[in-house]
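What follows is one structure encoded as structure tokens, with my remarks underneath.
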Amino acid sequence: MKARSLKALKHHARRGRSARSSIGLVVRAALGDDALRMLSHEPGARRSLPEDVHQMRTSVRRLRSDLRFFKPLMDGPGLRPLRDELRWLAGVLGDVRDLDVLEDRLRRAVVALDCVAPSDPIFEEIDRRRDRHRSTLRDTLDGDRYAALRAALIAEARSPSLAGGHDRPAGAVLVDRLGRDWRRLLDALEATPPDAPAEALHAFRKQAKRTRYAAESVADRLGRPAGKGAKRLGRQAKQIQEILGIAQDAHVAEAFIRDLMQGLPPDGPGRHAAALLLDHQAREAEDALIQYQSLRDQMLDD
């Protein structure tokens, strides 16, 4: 990206940080922040550095969240394709990031259980899969499809496709939008008990993540006390996301281990270690859901 384009993005991102700012300025500032964050981690993601892959994926998710949150305030034929392409990019980054998370989780479990197998088939398989996905990520970031997405994103961040009325003060509009998001989240919380299917819990976790990102995105653009309230909602949504994230990561690890165990000798040390890890992941998932029950009760009683 040319230095001039980067400078323009930074300039727009610095504006729109007041509840008195227009909706248009706020949308441009939010998208500018997101785009700058994503692009700053692109070099490291090209080298498959775990933290940069993680942060670039998070930035892409924040972009998708902001485009969803600001959707009623925006209008343009290119927005849907942009959201679709960001979903694709998040998936490519996620294929690498998910294996980094899986490895970290299982290595911590191996240390806790002292169950390292001589052949280490679990981590060998993670390495094989990750090498393949890292190659795909490098090809993706060097490809024409990503270049087109990158250009479209920069253009949208610099000059958002705004709907009518975008010159109105943003404060009341953002508070109303966030309030609607929060009420939907509470309705979903009530409808998603800890014994809900794993797929339902995962879907609810993603909803909590979107609400968290929306709250964090607008909190610094609202005056007190609205900004303080938005930060509080963001913290609560983050609690849900993180607790259910532990359960989801444990379920993913369980599925990975079960799949791997099918190819291990029935009496070998690798299978014994895998069985111990499998039990450990099941307990971690159960503990996380107990925490979720407690948080859920607390939030529904407030």
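Keep in mind it's a predicted model, so treat the numbers as computed, not measured.
When Glu286, Arg105, Arg258 are each tested for a side chain to side chain donor-acceptor pair (under 3.5 Å) with Gln281, only one passes: Arg105.
With rounding to the nearest 0.5 angstrom, the CD atom of Gln248 is 6.5 Å from the CZ atom of Arg205. For the atom pair CZ (Arg132) and CG (Leu99), the distance works out to 8.5 Å, reported to the nearest 0.5 Å. The distance from atom CZ of Arg138 to atom OG of Ser48, rounded to the nearest 0.5 Å, is 5.0 Å. Between Tyr292 atom OH and Leu189 atom CG the span is 4.5 Å, to the nearest 0.5 Å. Atom CG of Asp120 sits about 12.0 Å away from atom CD of Glu125, to the nearest 0.5 Å. The CD1 atom of Ile122 sits 7.5 Å away from the CG atom of Leu264 when rounded to the nearest 0.5 Å.
Tracing side-chain contacts under 4.5 Å through hydrophobic residues (I, L, V, M, F, W, Y), one never reaches Val110 starting from Ile246; they form parts of separate clusters. Neither Leu233 nor Tyr213 shares a network with the other; the hydrophobic side chains, linked directly or stepwise wherever heavy atoms of I, L, V, M, F, W or Y lie under 4.5 Å apart, form separate groups for each. Clustering ILVMFWY residues whenever any of their side-chain heavy atoms sit less than 4.5 angstrom apart, transitively, puts Leu178 in the very cluster that holds Leu63. Note: the hydrophobic cluster containing Tyr146 also contains Leu67 (ILVMFWY, side chain heavy atoms under 4.5 Å, direct or indirect links). Hydrophobic cluster membership is shared by Phe70 and Trp182, with clusters built from Ile, Leu, Val, Met, Phe, Trp and Tyr side chains linked at under 4.5 angstrom.
Between Leu106 and Leu277, the closest heavy-atom pair is O-CD2, 4.1 Å. Considering every non-hydrogen atom in both Ile257 and Ala274, the closest pair reads CG2-O, 3.5 Å. Minimum heavy-atom separation, Arg158 to Arg28: O-CD, 3.1 Å. When all heavy atoms of Arg64 and Arg83 are compared, the pair lying nearest together is NE-O, 4.2 Å. For Ala90 against Val60, the heavy-atom pair with the smallest separation is CB-CG1, 3.8 Å. Summarising the geometry of Ala200 relative to Ala196, their closest heavy-atom pair is CB-CB, 4.2 Å, with the distance given to 0.1 Å.
Using a cutoff of 4.0 Å between basic side-chain nitrogens and carboxylate oxygens, Asp34 and Arg37 are scored as salt-bridged. Taking a cutoff of 4.0 Å between a charged side-chain nitrogen and a carboxylate oxygen, Arg180 and Asp176 qualify as a salt bridge. With respect to Lys238 and Glu216, no salt bridge is recorded, no charged nitrogen being found less than 4.0 Å from a carboxylate O. Remark: Arg108 does not engage Asp249 in a salt bridge, criterion side-chain N to carboxylate O under 4.0 Å. Using a 4.0 Å cut-off between charged nitrogen and carboxylate oxygen, Arg46 and Asp142 count as a salt-bridge pair. Between Arg107 and Asp104 there is no salt bridge, since no side-chain nitrogen of the basic residue lies less than 4.0 Å from a carboxylate oxygen of the acidic one. Between Asp181 and Arg68 there is a salt bridge, since a side-chain N of the basic residue sits under 4.0 Å from a carboxylate O of the acidic one.
Within 6.0 Å of CD on Gln293 lie more than 12 heavy atoms contributed by other residues, nucleotides or ligands. Enclosure of atom CZ in Arg128 by more than 12 non-hydrogen atoms of other residues, nucleotides or ligands within 6.0 angstrom is indicated. Within a 6.0 Å radius of CG in Asp144, no more than 12 heavy atoms belonging to other residues, nucleotides or ligands are found. Atom CZ of Arg184 has more than 12 neighbouring heavy atoms from other residues, nucleotides or ligands inside a 6.0 Å radius.
Taking the side chain as every heavy atom from C-beta outward, His54 and Arg57 never approach each other to under 4.5 Å.
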Practice task
Determine, stepwise, if the pair Leu79 / Lys71 fulfils side chain to side chain contact (heavy atoms under 4.5 Å, CB included).
Solution key: CA-CA 9 Å; Leu79 292 176; Lys71 182 179 177 181; over 6 Å; no

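Evaluation of the side-chain contact (heavy atoms from CB on, under 4.5 Å) rule for Leu276 yields Leu113, Cys115, His272 as partners, not counting sequence neighbours.
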